[in-house]
Each structure stands twice: as C-alpha cells, then as structure tokens.
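Owing to the predicted nature of the structure, the values given are computational and were not obtained by experimental measurement.
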Amino acid sequence: MRITIMTLFPQMIEQAVSHSIMGRAIEASQVEIRAVNIRDYSNNKHKQVDDYPYGGGAGMLMKPGPVKWCYEAICESSPNTKKRVMYMTPHGKPWKQAMADEFAKEEEIVILCGHYEGIDQRVIEDIVTDEVSIGDFVLTGGELAALVITDSIVRLLPNVLGKQESFQEESFCDGLLEYYHYTRPAVFEGKEVPEVLLSGHHKNIEKYRRQNSLENTYKKRPDLLEQVQLSVEDRKFLQSVGYNNI
C-alpha cells in the first residue's frame, strides 16, 4: 500500500511515521508513506499558498492551484492506480473502525491536509472522494488527523502487527469496547488479577471477557449497545448489571 499525505508541514508527518509500528512497517516495505509539500507547487515566487477569502471574514484560505497541481504530480508518479482521496475536515464523516478496515484494502490512498481557514471548495469538489473527521473539534491543521487515520489503517495491513488476533478482539471490531487486560504480577499494591484469568479454563475466560466487554461498553459507551447484535445470554447479563434498554 502507498499512502501519500499532501501537507504544508511534511516534517510533522515524516517524523511521526518513522517510529513505532508505522516505522517498522515502512522498513519492512509493507507500506510506503510519503509526505508531499503543497507549497512546492505554488506558482508564487514567495511560495505563497493562501489568500483572503471572497466575501470577507477572518483568516486566510488555501488557494486551489497549488493543491490541484500537487495532486496532479502525485497522479503522474503512479498513473495506473485508482486513488481514494481523503480530506481532513471537521464537517466530514466521522472516522470509524469499519472505515479503517475498508481503506486498508485500498492499493493507494491520498490524504489532503488543510490549514488556515480551510481550502477553496472548488478543488475539494474536483479531487476529494471522501471527507473525514476524527471528532467534533477543530485543529489548526489536518496533519494530526491524517496521522491518526494513517496509523489506524497501517496496523490493519497483513503482517504489520504479527498476529491477526492482535486486532480481531480490539475495541469496535465487534461493535463493543474491549475487555480489560492484566499482566504480571498477579497482585499489585493489593489489587489482584481476576481469578478466572489465572485458572487456565479457556471457556470460562472467554465468557468472562465477553461479559467484561459488555459491562465496559454499558458503563462508558451505552450508545454502542443499540447497534450490536446481542445474544440471549448477552441480554441477560446486561440486565443483571443494570442495563434495561433492551
């Protein structure tokens, strides 16, 4: 997979993706991540990419030309690949785990990072296929959001995490929050690991983790339970812990 991030601050991207899981995936040639500087495609001698918005208002707006020309250069470097182009914007579709699963199957992704007050709408309509948001808040630029998106995709690529189970039981993969985790020592500052996890009884452990996941979701994100297909046993357990919206 190739992920190209269009940005005014390529160093932010390059520094972040060189570490941890993404860095190892790049070294192993499991993914190619590159940052392209939109400013390099300005036709202004000062490399200016912004201007005042028509109609007035506070702030500056990214001009359509440099963004379009940057995108065209990306297309020229891989002309035979269909590209999904994501624009990071507060009014985009909320990013979900299912979307990460979907995009992880793409051969090439382009992520467009805005700055200032945003980007001229004409170029957004011209090149963007998906408008995406990571939450109901505003950032100074799209770079941090792009890194969040990139991380969530890269970790799903084959062999990046090593074991498929590493993410099959994670939060949101089945619509629920994940169960709690424990490691050694068995007793830490007087707090003990749940006894069932020390029993070696796999069926009981599986049942405990399912119930823990259900209870965790009920306490922290009860809205998710309305979208999950629950078994009769799940419903009985949730009722026993106080969830009655069934």
Under a 4.0 Å N-O cut-off, is there an ion pair linking K68 with D120? no

Can you tell me if S77 and R34 form a side-chain donor-acceptor pair at under 3.5 Å? yes

Between E215 and K219, is there a side-chain N and carboxylate O pair less than 4.0 Å apart? yes

What residues, two or more places apart in sequence or in another chain, satisfy salt bridge (charged side-chain N to carboxylate O under 4.0 Å, His left out) together with E32? R2

I want to check something: taking the side chain as every heavy atom from C-beta on, are T4 and K83 in contact at a cut-off of under 4.5 Å? no

Which residue in the set V154, V17, I13 passes side chain to side chain contact (heavy atoms under 4.5 Å, CB included) when paired with I3? V154

Return yes if a side-chain donor-acceptor contact under 3.5 Å exists between E131 and T89, otherwise no. no

Check: T129 side chain, V85 main-chain N or O, donor-acceptor pair, under 3.5 Å: yes

Less than 4.0 Å between a side-chain N and a carboxylate O, is that true for D130 and K93? no

Tell me the closest heavy-atom pair linking Y180 and N212, and the distance in Å. N-OD1, 2.6 Å

Does S133 reach the main-chain N or O of P94 with its side chain, forming a donor-acceptor pair under 3.5 Å? no

Return all side-chain donor-acceptor pairs below 3.5 angstrom for residues 105-115, not counting sequence neighbours, or 'none' if the list is empty.
| from | atom 1 | to | atom 2 | distance (Å) |
| --- | --- | --- | --- | --- |
| K105 | NZ | D101 | O | 3.2 |
| E106 | OE2 | R84 | NH1 | 2.9 |
| E108 | OE1 | S78 | OG | 3.0 |
| E108 | OE2 | S78 | OG | 3.1 |
| H115 | ND1 | T140 | O | 3.0 |

For residues 186-195, which residue pairs qualify under side-chain hydrogen bond (donor to acceptor under 3.5 Å, both in side chains), counting only residues two or more places apart or in two chains? none

Can you name the closest pair of heavy atoms from P194 and Y208 and give their distance? CG-OH, 3.3 Å

Can you name the closest pair of heavy atoms from A104 and L156 and give their distance? CB-CB, 4.0 Å

N216 side chain to S213 side chain, donor-acceptor N/O pair below 3.5 angstrom: no

Flag, side chain of R209 to backbone of Y179, donor-acceptor distance under 3.5 Å: no

Please work out which of the three classes, parallel, tilted or perpendicular, describes the rings of Y243 and Y218, given edges at 30° and 60°. perpendicular

